[in-house]
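Below, read A as the first sequence line, B as the second, and so on, with proteins coming before strands; counting in each chain starts at 1. Everything numeric in this text was worked out from a predicted model, so none of it was measured.
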Amino acid sequence: MKILPKGQYDYQSSEEQILTFWHSKNFFSTEYKPKNNIPFNGSWTLICPPPNAYDRPHIGNLSGYAYMDAMARYNRMIGKHVAMIPGKDHAGLEGEATYIKDVLDKQGKSKFDFSRDEFYRMVWEHQAKFQKIIQEDEKRIGLSADFEKDLYTLDPRVVNMVLETFIELYNRGLIYKGVRIVNWDPIAKSTIPDNQCARKTRQARLYYIKYYLDDSNQDINNFLIIATTRPETIFADTAVAVNPDDDRYNHLIGKFIKIPLTNKKIPIISSKRVVRDFGTGVLKVTPAHANEDWEIMIEWNRENPDKKIDVVNVIDKESCYCGCVPSHYKGKNVYSVIDELINELHENGHIEKIEEVEQNVVISDRTKAIIEPMITSQWFMDVSEFKDPLREMVRTKAVDVHPQNMLGRFYDWVNKMRDWAISRNLWWGYRLPVWYSGELKETIDDDGHVKVLININNQWVDFDPKNSDHMRVQIDSPGDSWKQDDDILDTWFSSGQWPYLTLRTYGLFDANYPTDVLVSGSDLLVKWDLTMMLFSWAKYRDVPFRNLYLTGLVKGTDGQKMSKSRGNTISLDEIIQNYGVDSFRLCCFYQNKAGRSYAITYDKLTTFRNFNNKIWNASKFVSMNLEDYSYFDELNRINNVSELKKFILDKRWILDSKDNEFLDYIDQFENRYHKLFAKYRFGILTEELYQSFWHEFCDKYIEDTKNRLLKDKNTGDYKVSEEIRRATQTAIYFILKKYIYMLHPFVPFVTEIIWQNIVEDSKFEEPMMYTRFFNI
RNA sequence: GGACUCAUAGCUCAGUUGGUUAGAGCGUUACAUUGACAUUGUAAAGGUCGCAGGUUCGAGUCCUGCUGAGUCCACCA
């Protein structure tokens with residue numbers, strides 16, 4: 001027992017000192033064995049969500065770490081064998097885009113100034129630097145993860161497993177190369193999956209366009225008016241649809257109608273999807289350039305196999321006209337000729353009227369580009385067979401989601417999930433393990449049909465993915481003449497496998513899978529969490545984690561959504577400098593609950609800085625009053641109140657009723673603490689800890705012990721007998737220690753440094769969380 | 001249009017099988033304090049728990065409707 005130094009708690013130097021100690025040996029290693037030699041009480045595993053390796057973690061990431069770390073520390077303290085493994089994500093699309101924006105743009109260069117290999121190596125080095133920086137921040141926040149095992153998603157060990165999964169799923173028929181509608185991001189020049197799209201409202205024009213019926217009697221009045229916001233896609237129309245219950249039009253179903261300007265004949269079909277009271281109740285069906293139209297086509301063709309409608313592409317990947325468009329538009333940028341097109345429609349009497357409307361458009365989450373739906377040849381993963389297992393996982397609580405009310409979104413998403421576009425036309429990521437025996441070419445013919453051709457023996461022939469002379473899926477090249485697919489895999493294809501990729505890399509899979517908890521932001525529920533569940537089911541018919549704890553959005557210092565432009569952000573450096581990491585960590589928990597957003601404000605940070613100071617000072621008081629106490633060796637072996645009382649009795653000390661009362665109280669409090677922890681109710685837990693420590697322990701109990709611990713000011717003698725005083729010393733020490741342990745998962749730094757002084761007595765052998773003091 | 005969430009003290013939020021007098025932090029007011037701590041203590045003020053119904057012996061809590069705020073999804077071709 002050392003007397004704590006006078007004055008306020010110095011969070012800065014204490015945190016530095018404790019950090020140095022924590023990382024002086026591999027204390028957080030999965031292989032670390034506590035010195036007490038008590039057998040582990042089961043294992044507990046958490047895989048940290050890998051942050052993107054191109055930027056320092058923001059306050060939201062850090063709050064997630066606070067949760068993960070509190071859980072990990074707690075589980076070590078109750079004797080679990082803890083594996084907490086951090087990682088870093090290469091972030092395919094975003095990683096490439098960020099590198100181009102932050103580095104190449106500033107040098108005035110483009111990625112095409114470099115070879116694919118050169119570019120890859122440059123981004124690799126860029127991210128390698130950030131990986132170190134990020135790891136330092138993770139350590140600084142107190143994360144007790146196994147940093148020796150910090151794993152990068154492009155680590156060669158990982159890459160091989162990811163590619164093997166691709167091959168396995170391909171061989172099982174779950175991954176296929178197909179020509180289908182995708183979300184095309186014209187800025188990134190890549191396909192974007194549904195879960196990386198967002199929506200935006202904008203003003204748009206609704207054009208009412210006259211389509212003439214293909215009638216033998218050439219009646220000039222025989223036409224339909226079709227309202228559309230996308231007149232530029234009329235050449236890609238392959239049908240016109242009306243609602244079958246719409247008496248105005250249903251007699252026309254089966255007849256033909258002519259596309260303005262080109263006079264191409266297309267059928268009038270029916271679809272329940274057509275909204276009768278929007279526009280004129282007639283919809284032009286453009287399956288190549290509108291998701292819903294694609295669905296309408298699929299449905300119609302399924303139900304009317306003899307009257308199938310076509311799909312026709314008229315806009316290519318460069319946003320230029322192609323296929324069956326009037327020749328003077330061919331090859332021109334669609335948006336630069338749109339005025340010309342409208343004029344031409346006008347002159348030919350096809351425009352009935354134009355209205356201003358508000359329109360929701362789909363944009364790319366990352367580039368904010370307006371998504372251009374189009375038909376192209378891409379790789380897809382068939383997700384249909386996973387829908388039921390995914391729903392079952394959460395329904396049966398095989399994956400227990402905290403909070404449950406987020407599940408509405410989950411079910412919504414699963415229900416509408418369609419095949420996942422997994423290939424990206426980028427360089428930064430896992431290149432597909434797919435080989436072609438010759439050059440591959442995707443073209444759009446004059447009819448607007450997407451054709452994939454392969455060059456074999458200097459002849460372009462139709463590409464057939466099922467023909468092993470055309471394509472092979474394997475890691476190594478089948479031979480010198482074979483060419484590897486240029487595309488890479490979607491980042492989520494690897495991060496979706498992250499829990500088992502990490503564990504398998506380190507040979508921990510058998511003992512640690514499924515993992516116990518995943519902590520993720522609630523916004524990742526359908527982006528990432530669901531993907532992990534999907535892969536876990538595909539590979540192992542098991543869940544990836546038993547509990548899913550969703551954290552809310554962290555708001556800025558003014559309670560508003562955090563953004564740099566608003567100036568309401570707070571940096572880790574500022575926290576370290578002015579408040580201490582412990583204060584920040586407590587902000588994340590206090591009165592918060594799963595899934596709820598909360599603000600990190602200066603008021604809160606100050607409050608918890610004061611609280612940490614209070615912990616320090618109360619501990620100091622105890623240390624000062626136990627100067628002449630010499631029973632620590634025996635006392636430190638006791639972890640429950642009844643044994644403690646027996647110890648006091650054996651020593652023939654006399655337990656004052658107040659001491660007795662508070663010992664019973666702390667015993668009950670600890671019970672409740674464990675219950676709340678098991679239920680992930682950290683908000684209430686930390687509130688009660690704060691209340692109990694400050695207002696019960698400090699304000700009431702410590703004040704009362706002054707009657708038994710301090711000397712009389714006048715006489716200079718103790719106010720009570722030695723027997724009573726020793727019992728009080730024993731009790732107050734034990735009680736303080738209980739609080740220090742209960743607080744440790746949330747404020748690890750201040751508790752660790754106090755513990756080293758009052759319990760460990762400067763031996764500094766191992767972190768306090770490995771000593772068993774909880775009565776559980 | 002559909003789903004979900006929120007509405008509790010001046011502010012930010014807790015309040016999980018419905019059960020005494022509804023809590024915390026910050027803020028406010030008054031007083032105290034040279035010996036753990038002014039990053040302190042003691043005490044006080046402050047709420048018809050959004051509105052209107054309903055179920056119940058009993059509702060902040062359950063149900064219905066309404067109002068306002070937000071998120072997600074769908075869609076407005």
(message) Using the rule given for salt bridge (Lys or Arg N to Asp or Glu O under 4.0 Å), can you reason through E299(A) versus R273(A), listing the C-alpha separation, both sets of side-chain angles and the distance that settles it, and then say yes or no?
(response) CA-CA 10 Å; E299(A) 285 164 10; R273(A) 289 173 184 262; 2.6 Å; yes
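Candidate nucleotides rU40(B), rA36(B), rA77(B) were compared by shortest atom distance to the side chain of W694(A), and rU40(B) ranks first. The side chain of T607(A) lies closest to rG25(B), out of rG25(B), rG41(B), rG23(B). Among rA36(B), rC73(B), rG41(B), the nucleotide with an atom closest to any side-chain atom of D699(A) is rG41(B). Checked against rA24(B), rC37(B), rA74(B), the side chain of Y590(A) finds its nearest nucleotide in rA24(B).
Residue contacts for K675(A): at a heavy-atom cut-off of 4.0 Å it reaches no nucleic acid atom on any strand shown. L283(A) comes within 4.0 angstrom of a nucleotide base, judged by non-hydrogen atoms across all strands. Residue contacts shown for K6(A) are limited to sugar-phosphate atoms, with no base heavy atom under 4.0 Å away. Within the nucleic acid shown, N405(A) comes within 4.0 Å of sugar-phosphate atoms alone, with no base atom in reach, counting heavy atoms only. Contacts of H402(A) with the nucleic acid, taken as non-hydrogen atoms under 4.0 Å apart, are absent. As judged by a 4.0 angstrom heavy-atom cut-off over every strand, V282(A) is placed among the base-contacting residues. Among the protein residues, A227(A) comes within range of the nucleic acid bases, having at least one heavy atom under 4.0 Å from a base atom. Residue contacts shown for F611(A) are absent, as no nucleic acid heavy atom lies under 4.0 Å away. Note on V274(A): a base of the nucleic acid sits closer than 4.0 angstrom, heavy atoms only. Note on I702(A): a base of the nucleic acid sits closer than 4.0 angstrom, heavy atoms only. Using a 4.0 Å heavy-atom cutoff across all strands shown, R409(A) reaches sugar-phosphate atoms only and no base atom. At the heavy-atom level, L710(A) lies under 4.0 Å from base atoms of the strands shown. Contact annotation for R681(A): base contact, defined as any heavy-atom pair under 4.0 Å involving a base atom.
Using cut-offs of 30° and 60° for the angle between ring planes, the F697(A) and F662(A) rings count as tilted.
Across rG25(B) and rC66(B), the matching C1' atoms stand 34 Å from one another, rounded to whole Å. Using atom P as the reference point in both rU61(B) and rG53(B), the two lie 14 Å apart (nearest Å). Here, rG23(B) and rA44(B) have their P atoms 13 Å apart, quoted to the whole Å. Nucleotides rG58(B) and rU21(B) are separated by 15 Å at their C1' atoms, to the nearest Å. If you take atom C1' in rA52(B) and the same atom in rA14(B), they sit 27 Å apart, rounded to whole Å. The P atoms of rG50(B) and rA7(B) are separated by 7 Å, rounded to the nearest whole Å. When the P atom is compared between rA9(B) and rG60(B), the two are found 15 Å apart, to the nearest whole Å. Nucleotides rA30(B) and rC13(B), compared at atom P, are 29 Å apart to the nearest Å.
At the phosphate of rU40(B), OP1 or OP2 sits under 4.0 Å from a side-chain N or O atom of N610(A). Remark: H695(A) is not in phosphate contact with rA43(B), judged by side-chain N or O atoms under 4.0 Å from OP1 or OP2. Close to rG15(B), at under 4.0 Å from its OP1 or OP2, lies a side-chain N or O of K593(A).
Taking the ring centre of W616(A) as origin, the terminal cationic atom of K614(A) falls outside the region bounded by 6.0 Å and 45° from the ring axis.
In this structure, I209(A) and E352(A) have side chains that are not in contact, with every pair of non-hydrogen atoms separated by 4.5 Å or more.
No side-chain N or O of Y249(A) forms a donor-acceptor pair with one of S270(A) less than 3.5 Å apart.
One cannot find a donor-acceptor pair under 3.5 Å joining the base of rA14(B) and the side-chain atoms of E687(A). Taking 3.5 Å as the limit, the base of rA36(B) and the side chain of E703(A) contain a donor-acceptor pair of atoms between them.
For an aromatic pair to be called close, the ring centres must be under 6.0 Å apart, and F632(A) with Y629(A) satisfies this. A ring-centre distance under 6.0 Å is found for F682(A) and Y67(A).
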